[in-house]
Enquirer: 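First the structure, which I've put down as structure tokens, then a few questions once you've had a look.
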Amino acid sequence: MLALVDCNSCYASCEQIFRPDLRGRPVVVLSNNDGFVVARSKEAKLLGIGDLEPFFKIEHLLRHHDVAIFSSNYPLYGDISHRVMTTLRDFSPEVEVYSIDEMFLNLQGLREDWVEYGQGIRRTLWRDVRMPVGVGIAPSKTLAKLANRAAKKIPKCDGVCVLDGPQRWQWLQRHIPVDKVWGVGRRLAQRLGEFGIVTAYDLGQANPKILRRRTNINIERTIEELNGSPCFSLEEQPAPKKQIYCTRSFGEKLTELPPLLQAITLYASRAAEKLRAQEYLVTAIHLFLHTSPHEPNYYSRSTVVRCPYPTDDTRLIASLAKGAIRELYRPGHRFMKAGVGLVELVPKTLGQGDLFAIGQPARAGMMMQTLDRVNQRFGSGTLFLGAEGVQKQWKMRQAYRSPAYTTRFEALPVVNI
DNA sequence: TCTGGGGTCCTAGGACCC
DNA sequence: TCTGGGGTCCTAGGACCC
């Protein structure tokens, strides 16, 4: 058995931790660039505010109902997430951090009353972090996902749902549309519909071999999982990434080259940071930029540049990225977004293997190590390439951002006693 | 005034080469 | 009977997840 713990309306709940006056009130959190709604408190959902609704389309509705609006505050959410995960580690010796607001716990060998175990998790996380969560417990990840959904949706569950036998999970599956199954998106659901597969139960009863031929390979394992046979194992150490991307929409459309180059330098730096954290080197870099698809004369270009040698040096990666963007840039367009992808990676420890090939100078490695240490200790962005610029007028919009309560001294909450 | 996120992986299809 | 490869690289775009 394993458990999936998932924070309720994660970002909205994070905001409510330091604003208890907002508990019981409608709260929404917007995506990067204040683009659309990515988190809604229970009360906001009751107002009929949908998931992923463009902010500009519903702003009037939010104002009308006096909804509290927040821009995304990732330093805050990341820190709260870390507290949640740390607390959860006390409940199982083997865990997988699946996303910023979800964790799988292996329950193997823990003989417990699962409902009480789940309620214990909920009580503890509320007491220690003030984070409300749902707990789904089942023999496979896919079932634990469904259980988690039920824990939140079915009032009788009171936040915990245990699927410990076929009767229970089959009953639930009959009430869940197939596109809510983990790994089944809109497109696949449509295809499955052509075979008469509409609910999660239909999928569980389908013939895996036949469906595999007609759709994709993963569907076979999903079917097994729906029947209680685990196929996706718990990954304590997630597999190394095959690609690392950093892409952003700009706060305002960019027409000139210099700010584009600044932005791409920042994205290259972020991607290189992640690359070093994974202890890999990059050999090929993907660059792209495009205008808004909602505007006429849509312009979109991308290219791949090869590195002279496998590298994790921010300076080299940024310089290659800038060179490529110069080539892709055309005046007269209003660019909305650009990005850097490190697309061919090799483990750092693999080494060169070629006596005559040029490798990355050792000094570069030391320089990057110093850069990372300073930024880890004093905060991301303490040391950065001058080419990023200082003003950064292209930064994303964050008109409603809350303070970094837990990660900046000057933003610490003040308590009046 | 104008406004639609970000990350990862996969695949289709064309160009090019032997 | 009718037909004619296969690999690699590149770009574009889609699918799915949170």
Side-chain angles (χ1 to χ4, degrees), chain A residues 4 6-12 14 29-40 50-60 62 71-72 74 77-78 81 97-104 141-142 145 148-149 178-192 215-219 222 232 238-254 267 270-271 274-275 278 280 283-295 298-306 324 327-328 334 336-345 395-400:
Chain A
L4 173 64
D6 186 318
C7 302
N8 297 350
S9 318
C10 183
Y11 301 166
C14 286
V29 180
L30 306 176
S31 67
N32 273 343
N33 229 13
D34 294 344
F36 47 86
V37 174
V38 292
R40 305 157 291 157
D51 197 19
L52 303 187
E53 291 215 54
F55 177 47
F56 74 94
K57 284 189 183 166
I58 57 160
E59 187 174 357
H60 64 282
L62 300 182
S71 303
S72 291
Y74 284 103
Y77 310 150
S81 170
V97 177
Y98 176 68
S99 74
I100 193 166
D101 73 333
E102 290 170 78
M103 181 183 251
F104 286 108
K141 281 183 166 179
T142 305
K145 277 274 195 182
N148 192 284
R149 183 186 160 85
V178 71
D179 67 328
K180 297 297 183 292
V181 174
W182 197 37
V184 179
R186 202 163 40 93
R187 191 63 196 272
L188 185 52
Q190 197 185 342
R191 184 106 179 88
L192 292 172
T215 61
N216 67 55
I217 301 176
N218 274 335
I219 199 80
T222 298
F232 303 118
K241 306 252 182 292
K242 295 177 182 174
Q243 305 178 335
I244 295 171
Y245 269 84
C246 181
T247 74
R248 290 272 147 21
S249 299
F250 309 123
E252 50 192 69
K253 303 277 190 296
L254 297 181
Y267 305 163
R270 286 285 162 280
K274 293 188 211 169
L275 178 72
Q278 183 173 303
Y280 269 54
T283 58
I285 308 173
H286 178 211
L287 281 307
F288 72 85
L289 81 178
H290 62 83
T291 62
S292 167
H294 305 292
E295 288 180 14
Y298 179 59
Y299 177 87
S300 169
R301 290 290 181 278
S302 79
T303 187
V304 173
V305 293
R306 310 229 141 251
E327 298 292 319
L328 299 179
R334 288 158 43 82
M336 169 190 135
K337 182 173 182 173
V340 176
L342 311 180
V343 287
E344 277 176 36
L345 310 181
K395 272 203 303 197
M396 59 183 158
R397 282 188 298 275
Q398 293 188 314
Y400 312 96

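Order of the sequence lines fixes the chain letters, A, B, ..., with proteins taken first and strands second; residue numbering starts at 1 for each chain. Keep in mind that this is a model prediction, so the values were computed, not measured.
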Enquirer: Can you tell me if A:W182 touches the phosphate of C:dC16, counting only side-chain N or O atoms and a distance under 4.0 Å to OP1 or OP2?
Expert: no
Enquirer: Nearest to the side chain of A:K241 - B:dG4, B:dT8, C:dC18?
Expert: B:dT8
Enquirer: Kindly compute the distance separating OH (A:Y245) from OH (A:Y267), expressed to the nearest 0.5 Å.
Expert: 15.0 Å
Enquirer: Mapping A:P54 and A:T247 to their closest nucleotides on DNA chain B, which lands nearer the 5' end?
Expert: A:P54
Enquirer: Assess the residue pair A:K145 and A:E102 against the criterion (salt bridge (charged side-chain N to carboxylate O under 4.0 Å, His left out)); give the C-alpha distance rounded to whole Å, side-chain angles, the decisive distance to 0.1 Å, and a yes or no.
Expert: CA-CA 10 Å; A:K145 277 274 195 182; A:E102 290 170 78; 2.5 Å; yes
Enquirer: So what does A:R306 hit on the nucleic acid, given a heavy-atom distance under 4.0 Å: a base, only sugar-phosphate, or nothing?
Expert: sugar-phosphate
Enquirer: Given that both pair distances must be under 3.5 Å and the pair must be Watson-Crick or G-U, what runs of three or more consecutive pairs involve DNA chain C?
Expert: B:5-18 with C:5-18
Enquirer: Just compare C:dC18, B:dG4, B:dG6 and give me whichever is closest to any side-chain atom of A:S249.
Expert: B:dG6
Enquirer: Over all strands shown, is A:I244 touching base, sugar-phosphate only, or nothing at heavy-atom distances under 4.0 angstrom?
Expert: sugar-phosphate
Enquirer: When we call it a touch if two heavy atoms are under 4.0 Å apart, what does A:V184 touch: a base, just sugar-phosphate, or nothing?
Expert: sugar-phosphate
Enquirer: Side chain of A:N218, backbone of A:G183: donor and acceptor closer than 3.5 Å?
Expert: no
Enquirer: Which nucleotide, B:dT8, B:dG4, C:dT11, lies nearest any side-chain atom of A:M336?
Expert: B:dG4
Enquirer: Checking side-chain polar atoms at under 3.5 Å, does A:D34 have a donor or acceptor matched by the opposite partner on A:S71?
Expert: yes
Enquirer: Given C:dA12, B:dT8, B:dG5, identify the nucleotide with an atom nearest to the side chain of A:S302.
Expert: C:dA12
Enquirer: Heavy atoms from C-beta onward define the side chain here; which of B:dC10, C:dC16, B:dG4 lies closest to that of A:L188?
Expert: C:dC16
Enquirer: Can you tell me the distance, in whole Å, between the NZ atom of A:K337 and the P atom of B:dT3?
Expert: 16 Å
Enquirer: Salt bridge or not for A:E344 and A:K242, using N-O below 4.0 Å?
Expert: no
Enquirer: Got a sec: does the CD of A:Q190 have more than 12 other heavy atoms crowding it under 6.0 Å?
Expert: no
Enquirer: Can you check the A:R186 CZ to C:dG14 P distance for me, whole Å?
Expert: 11 Å
Enquirer: Roughly, in whole Å, what's the span from OH in A:Y98 to C1' in C:dC16?
Expert: 9 Å
Enquirer: Base, sugar-phosphate or nothing for A:V181? Non-hydrogen atoms, less than 4.0 Å.
Expert: sugar-phosphate
Enquirer: Rounded at 0.5 Å granularity, tell me how far SG in A:C7 sits from CG in A:D101.
Expert: 5.0 Å
Enquirer: Have a look at A:T303 and say if it touches a base, only the backbone sugar-phosphate, or nothing, with a 4.0 Å heavy-atom cut-off.
Expert: sugar-phosphate
Enquirer: So does A:K145 get a side-chain nitrogen or oxygen closer than 4.0 Å to the phosphate oxygens (OP1/OP2) of C:dC18?
Expert: yes
Enquirer: Between A:F56 and A:P240, who's closer to the 5' end of DNA chain B by nearest nucleotide?
Expert: A:F56
Enquirer: Given atom NE2 of A:H286 and atom P of C:dT11, what is their separation to the nearest angstrom?
Expert: 7 Å
Enquirer: Please report whether the ring centroid of A:F104 lies less than 6.0 Å from that of A:Y98.
Expert: yes
Enquirer: To the nearest Å, give me how far apart CG (A:L52) and P (C:dC16) are.
Expert: 15 Å
Enquirer: Can you tell me the distance, in whole Å, between the OH atom of A:Y267 and the P atom of B:dG7?
Expert: 10 Å
Enquirer: Any side-chain N or O of A:R270 less than 4.0 Å from the OP1 or OP2 oxygen of B:dG6?
Expert: no
Enquirer: How many whole angstroms separate atom CD of A:E102 from atom P of C:dC17?
Expert: 11 Å
Enquirer: So what does A:I100 touch, heavy atoms closer than 4.0 Å: a base, only the sugar-phosphate, or nothing?
Expert: nothing
Enquirer: Using a cut-off of strictly less than 4.0 Å, decide whether A:K253 has a side-chain nitrogen or oxygen near OP1 or OP2 of B:dG4.
Expert: yes
Enquirer: Looking across every strand, which nucleic acid part, if any, lies under 4.0 Å from A:D34 by heavy atom: base, sugar-phosphate, or nothing?
Expert: nothing
Enquirer: Identify whether any heavy atom of A:E295 sits under 4.0 Å from a base atom; if not, whether one sits that close to sugar-phosphate; answer base, sugar-phosphate or nothing.
Expert: sugar-phosphate
Enquirer: Looking across every strand, which nucleic acid part, if any, lies under 4.0 Å from A:C10 by heavy atom: base, sugar-phosphate, or nothing?
Expert: nothing
Enquirer: Between A:R301 and C:dT11, does any side-chain N or O lie under 4.0 Å from OP1 or OP2?
Expert: no
Enquirer: Could you state the interatomic distance from CG (A:D6) to CZ (A:R149), rounded to the nearest 0.5 Å?
Expert: 12.0 Å
Enquirer: What is the distance from CZ of A:R397 to P of B:dT3, rounded to the nearest Å?
Expert: 9 Å
